[in-house]
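To start, the structure itself, in structure tokens.
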2 protein chains.
Amino acid sequence: MRLFLKGRLRHVMSERESALLDSLVERVERVPDGTCILERGVVARQSTMLIDGFISRVINDSGNRNIVGLQVPGDFVDLHAFALKRLDHDIVTVGPSLVAYVPHAKLAEIVAQEPHLTRLLWFSTLLDAAIHREWIVKLEQLRAGERLAHIVAELWHRLNFVGLADPHGFNMPLLQTHLANACGTTAVHINRVIKSLRQKELLELNRGRVTIPDRAALEAYAHFRPDYLYGEGSLFLDFETDSTNP
Amino acid sequence: MRLFLKGRLRHVMSERESALLDSLVERVERVPDGTCILERGVVARQSTMLIDGFISRVINDSGNRNIVGLQVPGDFVDLHAFALKRLDHDIVTVGPSLVAYVPHAKLAEIVAQEPHLTRLLWFSTLLDAAIHREWIVKLEQLRAGERLAHIVAELWHRLNFVGLADPHGFNMPLLQTHLANACGTTAVHINRVIKSLRQKELLELNRGRVTIPDRAALEAYAHFRPDYLYGEGSLFLDFETDSTNP
DNA sequence: CGTTCCCTTGAGTAGTTTCAATACTTGTGG
DNA sequence: CCACAAGTATTGAAACTACTCAAGGGAACG
């Protein structure tokens with residue numbers, strides 16, 4: 001789990017805690033594209049850490065497939081399921097992926113015996129909630145082109161935390177259909193929007209590769225501010241200075 | 001805190017735990033309409049339980065005021081701030097409200113000594129995340145009228161959990177501006193939408209009162225399914241049957 | 001009894017969807 | 001190796017939804 005919270009609160013995790021986390025993994029598995037790892041409403045007995053690949057959070061509603069979140073390597077994807085037990089959404093791979101499973105029984109021991117680590121785990125689930133909120137802002141306020149740019153900007157930063165982005169882009173298995181589902185538009189319209197962003201030289205998108213000629217320009221266009229990702233920025237917390245830190 | 005998780009997991013809280021929660025409250029305060037209780041980026045040393053009134057989660061971006069969540073009595077509004085320390089959004093009252101404050105130092109003791117209660121608190125923050133996800137679906141998929149109907153349906157259910165809804169509506173201090181900000185449209189457009197819903201006899205909205213002539217019809221129109229609120233439904237968890245329950 | 005805030009309506013414009021049709025890619029079997 | 005099928009990407013035109021700008025009406029409060 002070397003990528004977990006990397007670039008966020010990783011520095012406040014002791015070597016012992018880090019090793020403890022690693023020891024929770026019961027099984028590592030390679031899963032093909034489009035696999036539903038955990039289905040809405042099914043009681044979960046384990047949670048999933050994404051090691052390699054992409055995962056989408058999907059809510060199906062009257063035939064429509066809505067993507068309500070995306071996860072990148074290092075994300076403890078369905079840790080939520082430890083507290084919720086049944087998820088409200090499906091966890092689906094995008095592209096072939098590598099995942100590790102952690103049994104809930106072991107997490108329960110952590111909660112009982114490791115308050116500091118528990119709080120880090122809690123933090124990581126709330127990080128997802130903060131990202132949800134920014135998606136809400138994005139959907140409430142931005143037009144399709146800006147939404148797409150926002151998602152790309154967000155993914156770049158999250159991949160950069162875990163060392164998987166390069167200065168001019170990143171690899172990404174999402175199809176135009178996925179992007180449309182995540183932006184709340186149709187595949188036809190997202191296609192026109194991609195064309196327009198390409199012409200504006202903000203974005204290039206093909207064959208699993210995103211190219212960003214000028215990241216500052218893209219982020220300005222998307223009204224993107226990275227604070228909500230809780231990396232180094234105005235919301236970053238130096239845990240040591242927190243008096244209530246258990 | 002008698003309303004906390006009522007209708008959700010309240011039944012798995014022991015009398016002792018319930019009393020323990022009550023003992024955490026340091027101060028109860030009456031706050032006027034539009035008060036910012038906790039501001040984005042400010043280090044929080046306490047969290048807020050909403051006892052009476054409404055609270056909105058607000059993210060300001062380039063002059064626009066986006067409502068990314070609404071809270072009703074019984075909600076442990078900014079419990080998130082215990083783990084996140086600095087919130088990514090503002091916590092703002094809508095209408096005069098009554099709130100109770102819980103110091104984080106006391107919460108840290110709970111996390112260190114009460115694994116079961118800790119998990120309930122964690123659960124309650126993830127409930128907010130589940131609501132965020134449904135808002136994302138709503139914004140991705142529905143048109144303005146359906147979005148508004150969806151918010152009203154959600155509020156009815158959440159108020160009903162804590163005994164504040166009646167069969168044909170509920171009291172609500174939100175103005176048309178607030179509803180527009182929560183639906184991602186303009187105040188002008190939300191006004192037309194309200195008019196249209198009124199004509200369809202799905203909704204009546206005036207002077208702090210929402211009237212719902214036919215709730216089933218409203219929910220059908222909004223494509224509303226209440227499961228994600230984790231009341232009694234397909235996602236409801238009977239905690240006793242959970243083997244990892246600490 | 002006027003000011004202020006909130007609600008309501010109209011007309012023109014911009015953004016998005018829908019339906020329909022056409023290309024490009026990739027993988028598979030002959 | 002080519003032919004074909006299936007999935008993905010692209011483009012056009014018409015209809016619809018929502019936004020903007022602008023102006024007027026109503027209720028509440030001092």
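Below, read A as the first sequence line, B as the second, and so on, with proteins coming before strands; counting in each chain starts at 1.
Atom-to-atom, CG of A:Leu142 to C1' of C:dT16 comes out at 15 Å; the value is rounded to the nearest Å. Atoms CG (B:Leu148) and P (D:dT17) sit 16 Å apart, rounded to a whole Å. Between the CG atom of B:Asn191 and the P atom of C:dT9 there is a distance of 7 Å, rounded to whole Å. As rounded to whole Å, 13 Å separates atom C1' of D:dT8 from atom CG of A:Leu205. Distance, B:Arg209 CZ to C:dC7 P: 17 Å, rounded to whole Å. Look at CD on A:Glu204: it is 14 Å from C1' on D:dA9, rounded to the nearest Å. Rounded to an integer number of Å, the gap from B:Gln176 CD to C:dC5 C1' is 12 Å. Rounded to a whole Å, the CG atom of A:Leu197 is 13 Å from the P atom of C:dG15.
For A:Phe54 and A:His178, the distance between ring centers is not under 6.0 angstrom.
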Intra- and interstrand pairs of DNA chain C - dot-bracket, Watson-Crick/G-U under 3.5 Å, | marks other strand = |||||..|||||||||||||||||||||||
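B:Ala187 comes within 4.0 angstrom of no nucleic acid atom, judged by non-hydrogen atoms across all strands. As judged by a 4.0 angstrom heavy-atom cut-off over every strand, A:Arg198 is placed among residues touching the sugar-phosphate backbone only.
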Nucleotide-resolved protein contact map, nucleotides 19-30 of chain D, B/S/- at heavy-atom distance under 4.0 Å | SBB------S--
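Under the 4.0 Å criterion applied to side-chain N and carboxylate O atoms, A:Arg40 and A:Asp88 are not assigned as salt-bridge partners.
Side-chain contact of B:Tyr101 with B:Glu29: a donor-acceptor pair under 3.5 Å is present, judged by distance alone. Side-chain polar atoms of A:Glu39 and A:His89 form no donor-acceptor pair below 3.5 angstrom. Side-chain N/O atoms of A:His150 and A:Gln141 include no donor and acceptor closer than 3.5 Å. Side chain to side chain, A:Lys85 and A:His104 meet the donor-acceptor criterion of an N or O pair below 3.5 Å. Between the side chains of B:Glu154 and B:Trp135, at least one donor N or O lies within less than 3.5 Å of an accepting N or O.
In this structure, B:Lys195 does not reach the C:dT8 phosphate: none of its side-chain N or O atoms is under 4.0 Å from OP1 or OP2.
A pairwise comparison of heavy atoms in A:Val99 and A:Ile51 identifies C-CD1, 4.2 Å as the closest pair.
In this structure, the nucleotide among C:dC6, D:dT8, D:dA18 sitting nearest to the side chain of B:Leu175 is C:dC6.
Using a 4.5 Å heavy-atom cutoff, the side chains of B:Met172 and B:Leu205 are in contact.
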